[in-house]
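What follows is a single structure, written as structure tokens, with notes after it.
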Amino acid sequence: MARYNAKESERRWQAEWEARGLFKTPALDSSRSGAAPKCYVLEMFPYPSGRIHMGHTRNYTMGDVIARFRRAQGYNVLHPMGWDAFGLPAENAARDKGVSPRDWTYENIAHMRGQLKMMGLSIDWSREFATCDVAYYHQQQKLFLDFYKAGFVHRQEADVNWDPVDMTVLANEQVIDGRGWRSGAVVERRKLSQWFFRITQFAEELLAGLDTLDRWPEKVRLMQKNWIGKSEGLRFQFTLSNAQKLDVFTTRPDTLFGASFVALSPEHPLAQDLAKKDEKLAAFIAECRHVGTAEADIEKAEKKGYDTGLKAIHPFDESWTLPVMVANFVLMGYGTGAIFGCPAHDQRDLDFARKYALPVTAVVVPEGADPKTFDVGNQAYTGSGRLANSRFLDGMAVDDAKAEVANRLEAAGIGGRTVNYRLRDWLVSRQRPWGCPIPMIHCAKCGVVPVPAEQLPVKLPEKINFAVKGNPLDADTAWKSTTCPSCGGAATRDTDTLDTFVDSSWYFTRFTAPAAADPVDKAAADYWLPVDQYIGGIEHAILHLLYARYITRAMHRLGMVKVAEPFAGLFTQGMVCHETYKDAKGDWVAPDEVVKEAGKAIRIADKAELTVGPSEKMSKSRKNVIAPEAIIADYGADTIRWFMLSDTPPERDIEWTDAGAEGCWRFVQRVWRLASESEGLSPVGAPITAQDAASLDLRRATHKAIAAVTEHLEALRFNSAVAQLYTLANAIAAGETCDGAVRREAIETMVLLSAPMMPHLAEECWQALGHARLVAETPWPKHDPKLTQSDQVVMAVQVNGKRRAEFAVAKNADPKAVEKLALEQEGVIRALGGKTPKKVIVVPNRIVNVVA
RNA sequence: GCGGGCAUGGCGGAACUGGUAGACGCGCUGGAUUUAGGUUCCAGUGAUGCAAGUCGUGGGGGUUCAAAUCCCUCUGCCCGCACCA
């Protein structure tokens, strides 16, 4: 029997699917759409770096399995693909190689599209677009202006995060451990006038919305919740000794009588103001700035302060004053940038107070402790208890004291309850030339004026000159010179482009009508959204997924889309890893230069033995990368797809091994053998009449596989679905002598069930089995409940919790009869050793436990 | 520091709402087939023991007729946030 020729077969079936247009998205008005439920399956679209890697392979295989599975189940499926095509790598390539970023990007897209097509993905390629297509960013500019008109966008001079390597500003979310998310460079602070999306306007909604996302990983919801960082507290005013007012924010108003100082952030306007007349303070502030930006090791940073000499008057006692300090640990970006310090109940305040010898008064003592002797030492007490040393609050519980203080300060007109968020507005200006131009014009007379709709799109220049300092768009005077739409005078374009995360925050909505004349075709968006299953890496838990939720909510508020949440189901897949090799010199060695012999890694070139390191995420720096195209060339796409789904649960990291890949390839051949060596099979559609035990066993295995694989795929347990298919293949091999119609049913079922995972092989087998219609056009099989539940069960018998025997009995047999049978089992009698059972527990159809 | 997760054979992992631990795959051992190897097929594969059996899901304790699963506690690893008042 001939080997299955994956290469030849895969090419042929891909052409056949395309010729028949099988993966075209059903039209909204087609007769199908009325009856069938919709299913929008989406994998995070790739950046066109040039070639696909194993991570893409895993991601797109999972998505394709779901899409094909749902399609077979009769859903209307939308499964599109596009390119997140703006961004810095294109600029770097342009600078290094002298090509245009546009050409570089589109060439990469062409190459990667070819690679993705070789994987046999069931994608509707007619909907493909790249975010750098003028047609796409034109719509994005319209969307930006819609947001501007609605007041969702504002321009503000602010301290911003400046990435000195990428030469652009970054949003807060894009600063990880004080470094740029892409470049890894230590971020500097700069004061610039920039565009912001008012994401904080939606902070509460974005937080509350998390509770509705029941098909999202708990972990991602928690990360977003923490990022939004809601805290409820009180904002109130101190009057200072110079009669100025100072706003502070606290979540612990109950501890107000434990206050021993007031502290300002070094960046607080009052501190800045005071520094003008106080050189020492100015020097202190400069020092704080240094520490903050130079190194991110905040944990080691010592609490430092500077006494301004000002006093703050206690709101409940005019005769009580607190020193006003400038302290390096107070953040300007949170609350009001000023706090009152209560050392006994806040660790930072305590460290600070001990250093500067400020009073420490415990005002909350644990239940049962004596307020006179309770001492916090060097460990701030943050637990619950009763108020003490707090005048009218004494004896109250913490929550009551909080309310009492809030009520009194509100009544006095110097404070109010507020909610604070950690979330900051989203800075979207980028000083980069390869992005979506911000459609705004700056006029000396009229100020900032939006580009009128009829003048859109603001296209990027044909040629971008990288041989300039700073942003090439800013240096391109011809491009940036324009006339003011308002007064007709000379004006300049905004030369910043939008953060590329804006591009990826609404592409899934655009996929529902990629050619629409407006950003959104409401009918299409309302039919297809939300995305039913979104799949991608966990690294986007905050950045992309939070921005996309925000943009969708903003569009929802403007009536552009019905849904508020874009992704009903989210799945975060694990990474693809490989073991690492180092030679005697400590240099990394790539897997294709290595052979494994008797558990040892040997370099092919010089037979040198290598050190085998732990399995780590495939990366160029560790050289432990396996190229998908090499595997596809050797074994075919179905083998690599099967590997990506086998063994390891999809959310965990998977390790690529050659042995595992060979195992997958052997299974491909095995399925082909089982399906193509069809001697003795009944013809297509022959009725099943056999009633012999072996045939019934095989039929049961077949229908159990249908039920199990369906259930596992619904739950995205691809590895378990794979295991079930192995089990079915084993049952088919064991049932070689069974009735021909029964064997046909089993083999055809195996082919249909494996089709979402190995679609080319399935088509080839299906044809060999004598079918004219394609698998891709064949409905998902249904199991016969009569065959998945047998009328006999094997029950185990335990004596004192230890298994001693098992016996077969009719399903749902009378418990009394089961008990009698159980006690008659030889193993049970031996274990009892003549003792009389005290108690017998019968769990129907499962187990009997005899207690002796 | 705070928050979250994980721990099962040589390896990846399975085990529904507590009910026969180790499905399935990889690897390994033995055998058969083949002109040679890969291939294919059969048998075996948690530990220990001749056997009956005993032990066994990171360690310790608990609840229960029954615990990988529930509770307490300790250890180790991974992830997120990190001076957020």
Side-chain angles (χ1 to χ4, degrees), chain A residues 1 3 176-178 217-227 229-231 233-234 248-252 255 263 265 292 296 298-299 301-303 327-331 333-342 345-349 351-352 420-423 538-539 541-542 599 615 642-643 646-649 651-655 657-664 666-667 669-670 673 708 711 717 719-730 733 794-806 827 830-831 837-852:
Chain A
M1 172 51 66
R3 278 275 173 95
I176 318 282
D177 293 334
E218 187 57 39
K219 180 187 169 76
V220 175
R221 288 193 286 168
L222 194 73
M223 281 167 71
Q224 293 214 353
K225 185 179 173 222
N226 291 339
W227 187 264
K230 179 180 182 174
S231 65
L234 184 73
V248 299
F249 173 75
T250 181
T251 54
R252 293 296 304 272
T255 64
S265 162
I298 303 159
E299 65 220 84
E302 207 182 333
K303 304 276 176 295
N328 65 347
F329 65 92
V330 181
L331 306 174
Y334 187 78
T336 64
I339 59 158
F340 76 81
C342 177
H345 306 293
D346 183 289
Q347 192 59 44
R348 295 155 301 176
D349 297 349
D351 295 345
F352 189 78
N420 238 295
Y421 297 94
R422 187 182 172 282
L423 185 69
I538 185 77
E539 65 275 17
I542 293 172
S615 183
W642 189 250
F643 186 101
S646 301
D647 296 348
T648 304
E651 68 278 8
R652 285 197 214 169
D653 291 352
I654 192 170
E655 188 183 349
T657 64
D658 290 345
E662 276 160 31
C664 292
R666 279 200 300 269
F667 186 66
Q669 295 298 336
R670 185 159 180 234
R673 238 179 293 120
E711 205 176 298
R717 289 188 298 255
N719 56 319
S720 296
V722 163
Q724 287 298 329
L725 279 161
Y726 277 111
T727 307
L728 178 57
N730 291 343
V794 175
M795 291 187 69
V797 191
Q798 295 181 332
V799 177
N800 291 329
K802 288 190 199 299
R803 195 173 69 89
R804 296 299 178 187
E806 61 179 39
R830 192 165 45 209
K838 285 190 203 130
K839 194 174 165 189
V840 180
I841 294 145
V842 179
V843 183
N845 303 324
R846 283 187 190 275
I847 204 163
V848 180
N849 195 6
V850 181
V851 187

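When the side-chain nitrogen and oxygen atoms of A:N845 are compared with OP1 and OP2 of B:rG19, none of them lie within a distance under 4.0 Å. Between B:rU20 and A:R804, no contact under 4.0 Å exists linking OP1 or OP2 to a side-chain N or O. Neither OP1 nor OP2 of B:rC83 sits under 4.0 Å from any side-chain N or O of A:N328. Proximity of A:S720 to the phosphate of B:rG13: no side-chain N or O atom is located under 4.0 Å from OP1 or OP2. Neither OP1 nor OP2 of B:rA14 sits under 4.0 Å from any side-chain N or O of A:R717. Dashed line: the shortest gap from a side-chain N or O of A:K802 to OP1 or OP2 of B:rC65 is not under 4.0 Å.
Distance from the side chain of A:R652 is smallest for B:rA14 among the nucleotides B:rA82, B:rA14, B:rA23. Side-chain proximity of A:L331 to the nucleotides B:rG80, B:rC81, B:rC84 is greatest for B:rC84. Checking B:rU20, B:rC65, B:rA85 against every side-chain atom of A:E806, the shortest atom distance belongs to B:rU20. When distances run from any side-chain atom of A:R846 to the nucleotides B:rC65, B:rU17, B:rA82, the shortest one goes to B:rU17. The side chain of A:R673 lies closest to B:rU40, out of B:rA85, B:rU40, B:rC79. Nearest nucleotide to the side chain of A:I841, out of B:rC65, B:rA85, B:rC79: B:rC65. Closest contact between the side chain of A:R3 and the listed nucleotides B:rG38, B:rA85, B:rC65 involves B:rG38. In the set B:rG80, B:rC84, B:rC81, the nucleotide with an atom closest to the side chain of A:R348 is B:rC84.
In textbook terms, a nucleotide whose glycosidic angle is within 90° of 0 is syn, and B:rG9 is one such case.
Atom CG of A:L234 and atom OG1 of A:T251 lie 10.0 Å apart (nearest 0.5 Å).
One can find a donor-acceptor pair under 3.5 Å joining the base of B:rC83 and the side-chain atoms of A:K303.
The salt bridge (Lys or Arg N to Asp or Glu O under 4.0 Å) test applied to A:R422 returns no partner, not counting sequence neighbours.
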Between protein and nucleic acid, restricted to nucleotides 26-31 of chain B and to nitrogen or oxygen atoms under 3.5 Å apart, what atom pairs and distances do you find?
| from | atom 1 | to | atom 2 | distance (Å) |
| --- | --- | --- | --- | --- |
| B:rC26 | OP1 | A:R666 | NH2 | 3.4 |
| B:rG27 | OP2 | A:R666 | NH2 | 3.3 |

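Here B:rG80 sits opposite B:rC2 as a Watson-Crick or G-U wobble pair (both hydrogen-bonding atom distances under 3.5 Å). Within the shown strands, B:rG12 is the pairing partner of B:rC24 under the Watson-Crick or G-U definition, both distances less than 3.5 Å.
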